[in-house]
2 protein chains.
Amino acid sequence: MARPPAARGKVLDAYISLLCEEGERAATLDATAARAGVSKGGLLYHFASKDALADAVIEAAEVHIARDVEAMCSAAEGGAAYFIRTSAEVDTELDRHLVALHRLAQAGVKNATEKIESANERWYRGILDDVGSKDLAHLVMLTGEGLYAELSLPGTWYQRNFDGELDRLLQLVSTLKKLGNLNEH
Amino acid sequence: MARPPAARGKVLDAYISLLCEEGERAATLDATAARAGVSKGGLLYHFASKDALADAVIEAAEVHIARDVEAMCSAAEGGAAYFIRTSAEVDTELDRHLVALHRLAQAGVKNATEKIESANERWYRGILDDVGSKDLAHLVMLTGEGLYAELSLPGTWYQRNFDGELDRLLQLVSTLKKLGNLNEH
DNA sequence: GTCTATAAAAAGATAGAC
DNA sequence: GTCTATCTTTTTATAGAC
């Protein structure tokens with residue numbers, strides 16, 4: 001079948017949601033099946049093991065990552081602004097997949113760690129192409145990663161009044177960009 | 001006893017190490033007891049349950065956090081530079097406890113999430129006192145959090161040649177500080 | 001493809017000897 | 001305080017009916 005059956009997608013989606021909302025500990029086969037509205041046996045028909053489920057998350061994440069890297073390269077605002085702006089976006093499909101990836105990585109799934117590293121490398125290249133300076137590129141990366149870390153902890157205190165801040169953060173980076181390689185000689 | 005027995009400390013230390021090195025999934029009572037060189041029964045004498053073990057991590061982390069916040073407030077280099085510099089330090093006791101805290105938080109331990117939030121609030125205050133601008137303070141926070149996120153993923157690619165970069169990152173922030181509230185009106 | 005029933009393993013926790 | 005032995009529960013995985 002060119003398109004996989006709907007139930008498979010529902011299971012994968014349920015697993016990702018559980019990872020994001022309740023953490024890896026709570027994302028058991030039982031809980032995943034229940035949330036997907038299928039039986040455990042039904043789940044295991046589509047994903048032969050828990051590892052297979054994790055692999056599917058990683059594979060699905062790659063699709064969104066690749067799409068994002070491409071969008072970043074052709075973004076009119078430049079790679080740095082694009083990266084920071086999208087890092088602050090929650091509830092996008094990319095965001096959900098990245099949070100799930102981080103949960104798996106922290107739980108000890110090696111392939112998830114590698115996928116995150118690979119994505120970071122590609123994003124870093126896109127930012128470096130934009131800003132020129134390695135230091136500033138790293139600062140932008142750190143800012144974006146910090147945003148992820150903040151936003152993926154449920155109920156973090158600065159989530160509430162963050163909207164206006166993003167624009168000013170972008171301005172800050174843009175100013176730095178114009179100042180050029182402040183610290184390089 | 002004023003000082004708790006040595007075995008208790010060994011167990012707690014083993015649990016933290018496992019959390020950091022192998023992730024929450026691998027940090028079972030069995031594995032922890034084995035690494036501490038005691039039996040499961042011996043472990044459970046000191047920590048009546050797994051939750052008690054997690055609580056002990058949180059409590060131990062608080063000691064290091066409080067010490068760090070105090071050091072930050074009296075740091076000659078200023079809160080912002082202190083925060084970024086220490087965020088890049090790995091293998092300190094504070095770092096180990098924070099990584100463990102993050103592993104627990106991502107696994108779904110609520111008290112760990114709250115402790116991280118509480119620590120972030122205190123660090124943010126220290127940074128804000130130093131730099132004055134809320135935007136810049138947030139940028140500094142994000143940078144530090146990004147550093148943690150990077151460094152706590154095992155084997156991340158930019159860990160290798162990061163040494164010189166930290167100094168330049170600090171310079172960058174110092175420049176921003178001198179420029180003042182770039183974007184506030 | 002999806003279910004129920006069941007097995008097998010792992011993890012958390014208790015009891016009691018030493 | 002620490003151990004061994006045991007129990008319970010949870011989680012993963014299999015088998016086979018429909």
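The sequence lines fix the lettering, A, B, ..., with proteins before strands; numbering per chain opens at 1.
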What's the [atom1]-[atom2] distance between [X] and [N], to the nearest Å?
{"X": "B:E24", "N": "C:dA11", "atom1": "CD", "atom2": "P", "result": "11 Å"}
{"X": "A:L43", "N": "C:dC3", "atom1": "CG", "atom2": "P", "result": "10 Å"}
{"X": "A:K10", "N": "C:dT2", "atom1": "NZ", "atom2": "C1'", "result": "12 Å"}

Review point. Any ion pair linking A:K177 and A:E77 (charged N to carboxylate O, less than 4.0 Å)?
Key: no
Review point. Looking at D:dG1, C:dG1, C:dT4, which one has an atom nearest to any side-chain atom of A:Y45?
Key: C:dG1
Check your understanding: Rounded to the nearest 0.5 Å, how far apart are CD1 of A:I16 and CZ of A:R103?
Key -> 12.5 Å
Study note, to complete from the structure: The reported gap from CD1 in B:I84 to CD in B:E145 (rounded to nearest 0.5 angstrom) is 11.5 Å
Review point. Can you pull the side-chain hydrogen bond (donor to acceptor under 3.5 Å, both in side chains) pairs that have at least one residue in residues 60-72 of chain B, sequence neighbours excluded?
Key: B:E62-B:K115, B:E62-B:R122, B:D68-B:Y82, B:D68-B:W123
Check your understanding: Would you say A:S118's side chain and A:E114's backbone share a donor-acceptor pair under 3.5 angstrom?
Key -> no
Review point. Who passes side-chain hydrogen bond (donor to acceptor under 3.5 Å, both in side chains) against B:R96, sequence neighbours left out?
Key: B:D13, B:S17, B:E93
Review point. What is the per-nucleotide protein-contact pattern of nucleotides 12-18 of chain C, from the 5' end, where B denotes a base atom under 4.0 Å from a protein heavy atom, S denotes such proximity for sugar-phosphate atoms only, and - denotes neither?
Key: BBB----
